[in-house]
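Per chain, numbering begins at 1; letters A, B, ... match sequence-line order.
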Protein chains: 2
Amino acid sequence: MVAQSTGADAKNPIQVIERMMKLLDVLSYYHDPVSLKQLALETGLHPSTAHRILAAMGATGFVERGEPGSYQLGIRLLELGNLVKSRINIRDSALPLMQRLHQEIGESVNLGVRQGDEIVYVERTSSGRSSVRVVHLVGARAPLHVTAVGKLFLLEDGLPALREYAKRTGLPGLTPNSLTSLPALSRELDKVRRHGVAFDNEEIEQGLRCIAAPIRDDSGDLVAGLSVSAPAERHSANWAPLVKQTADDISAAIGYVKPDQPAARR
Amino acid sequence: MVAQSTGADAKNPIQVIERMMKLLDVLSYYHDPVSLKQLALETGLHPSTAHRILAAMGATGFVERGEPGSYQLGIRLLELGNLVKSRINIRDSALPLMQRLHQEIGESVNLGVRQGDEIVYVERTSSGRSSVRVVHLVGARAPLHVTAVGKLFLLEDGLPALREYAKRTGLPGLTPNSLTSLPALSRELDKVRRHGVAFDNEEIEQGLRCIAAPIRDDSGDLVAGLSVSAPAERHSANWAPLVKQTADDISAAIGYVKPDQPAARR
DNA sequence: GAAGGCCGTATCATATTGTGAAACCCAGCC
DNA sequence: GGCTGGGTTTCACAATATGATACGGCCTTC
């Protein structure tokens, strides 16, 4: 008797539910149907108990039974998942985290999405703290290759698409620092890949620098970029980890899970 | 005491889980955050009980708490849902149901997906029952406008795209019955829309008729068509409901939920 | 500004609920 | 045929979740 539970328990989260989650964890770990024995083994539950819980979940479509004694995640989860997805909204999910970042850094934090060959800024922290309020109003647009956020998208596109973009747009320069040649831009994107964050070093506007990190949705698609923009003299490269972390947090909030660490919680 | 449960219970599906599902049902019904009271009311659970269960679910990400006492479905469901989605495979899900249909009708049952301007058949029931085995081998291709399955996709595309298709392909005819003019094809698609199934009346091959119904995935996209093909003399229009039903069953199996009846189960 | 609701959360004795050892059953295998 | 090894079902037991009650914010009302 008594739970010989492997891990620690938070408070009193109804053992049944906790066990249920354990089972779902195991099921989500193996993409193929799992046998009862296996489940019982890995969760540390009695086969009997596991069976009972699984049966209950089966009745509601949480799990499906193929061969008797063989279980896998059920479509009901897909239904519910889609419901969640439909209510998720990047701006709303991002805003609180953006504000947190804004508190920490004290500079403008922006959320930009791609629209064709441009980045459009859809959200911006609007505290009055910073006296010199630089930059992008909400709704502002800018070419991909001169913005930090835009570079994230260009990298995602891959080299062939980058070439087309270059040909299509001619890579216009807005400041002396703008990267207006394909090789220069390509090298820059390589840097972005290595760092996981992108920079804009006075490429769109003199005296303005940016750092941006990618935000991905539940299917792994790059859906937005989070950027901090500040006057060049106040800019600090130390922000990079913070920006990246915040972007990751937002990604998580909208359902992104790192490819290597699947949905399993434990 | 005693469960004053509204509905009937299957066997002994662990009350807690059943209750949990009730809560999820209510949560999935309202797309916005729901208050504890509301939940308790609609599920018939004691506020205290509801609270406890919700807390447990909250600990695992099944539900999220915004304002205290305000609950909504959590991202964990999205994670699990995506896992389910990734393992779902139309062919595998469709096959058993196709075989069932094949039993009932005794004619070839085919599964076709779109590939550019063609339908390609990716699965076919292969019982030896019917001596005269007509039709499409797996892997066979055919233009959209002369196949029942193809018409489903053309209808989905809408009129403008249909015009482009017509211009692009020239609507070649394969038999005297083929519809080779835009007006004729457009009228035909109207029929498809009204009936919910599409027909092919010896349009691809003399003496061969088909009925097809649409298969949709969890996001409502048309992903395949299910068709029954038979020699014209054996063909029966009575199959239509059966084909439609089977296609609907397959859709359900891969996560499609009818738009008007959301994920709620009860 | 105090009183009164209202709603979410925490407490705790109670008995209803889920538990798990053992029995059962069904295949497949020696 | 008997045996092993899984899945499923049973059942007496007590640990478990239950829900009446109490608590504590917060807002509205008077």
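- Between B:R19 and the phosphate of D:dT18, there is a side-chain N or O to OP1/OP2 separation shorter than 4.0 Å.
- One can place CD of B:E67 at 11 Å from P of C:dT9, the figure rounded to the nearest angstrom.
- We find that CD1 of B:I17 is positioned 14 Å from C1' of D:dT16, with the value rounded to whole Å.
- Phosphate contact (OP1/OP2 of D:dT8, side-chain N/O of A:Y71, threshold under 4.0 Å): present.
- Protein atom CG of B:L45 is 15 Å distant from nucleotide atom P of D:dA17, rounded to whole Å.
- No donor-acceptor contact under 3.5 angstrom links the side chains of B:S251 and B:D217, judged on distance only.
- With hydrogens and angles left out, the side-chain atoms of B:Y30 and B:E42 include a donor and acceptor closer than 3.5 Å.
- Between B:R52 and the phosphate of D:dA17, there is no side-chain N or O to OP1/OP2 separation shorter than 4.0 Å.
- Each of C:dG20, D:dT8, D:dA17 was ranked by its minimum atom distance to the side chain of A:H51; first place goes to D:dT8.
- What separates CD of A:E18 from C1' of C:dT19 is a distance of 16 Å, to the nearest Å.
- Taking atom CD1 of residue A:I53 and atom C1' of nucleotide D:dA17, one finds them 14 Å apart after rounding to whole Å.
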**OP:** Kindly determine whether B:N82 and A:S219 satisfy side chain to side chain donor-acceptor pair (under 3.5 Å), including the steps that lead there.
**Re:** CA-CA 8 Å; B:N82 277 330; A:S219 17; 5.9 Å; no
**OP:** With side chain to side chain contact (heavy atoms under 4.5 Å, CB included) as the test, would you mind laying out the steps for A:S227 and A:Y121 before giving the verdict?
**Re:** CA-CA 10 Å; A:S227 76; A:Y121 293 92; 4.2 Å; yes
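- The side chain of A:K37 sits closest to D:dG6 out of C:dG8, C:dT19, D:dG6.
- Between A:T49 and C:dT19 there is no side-chain polar atom (N or O) within less than 4.0 angstrom of OP1 or OP2.
- In this structure, the CE atom of A:M20 is 13 Å from the P atom of C:dT19, given to the nearest Å.
- In this model, the phosphate group of C:dT9 is approached by a side-chain N or O of B:R65 to a distance below 4.0 Å at OP1 or OP2.
- For A:S48, the listed nucleotide lying nearest its side chain is D:dT10; candidates were D:dT10, C:dT9, D:dG19.
- Atom pair A:L36:CG and D:dG6:C1' shows a separation of 9 Å (rounding to whole Å applied).
- Put simply, CG on B:L24 and OG1 on B:T43 are 11.0 Å apart, with the number rounded to the nearest 0.5 Å.
- B:L39 has its CG atom 15 Å from the C1' atom of C:dT9, to the nearest Å.
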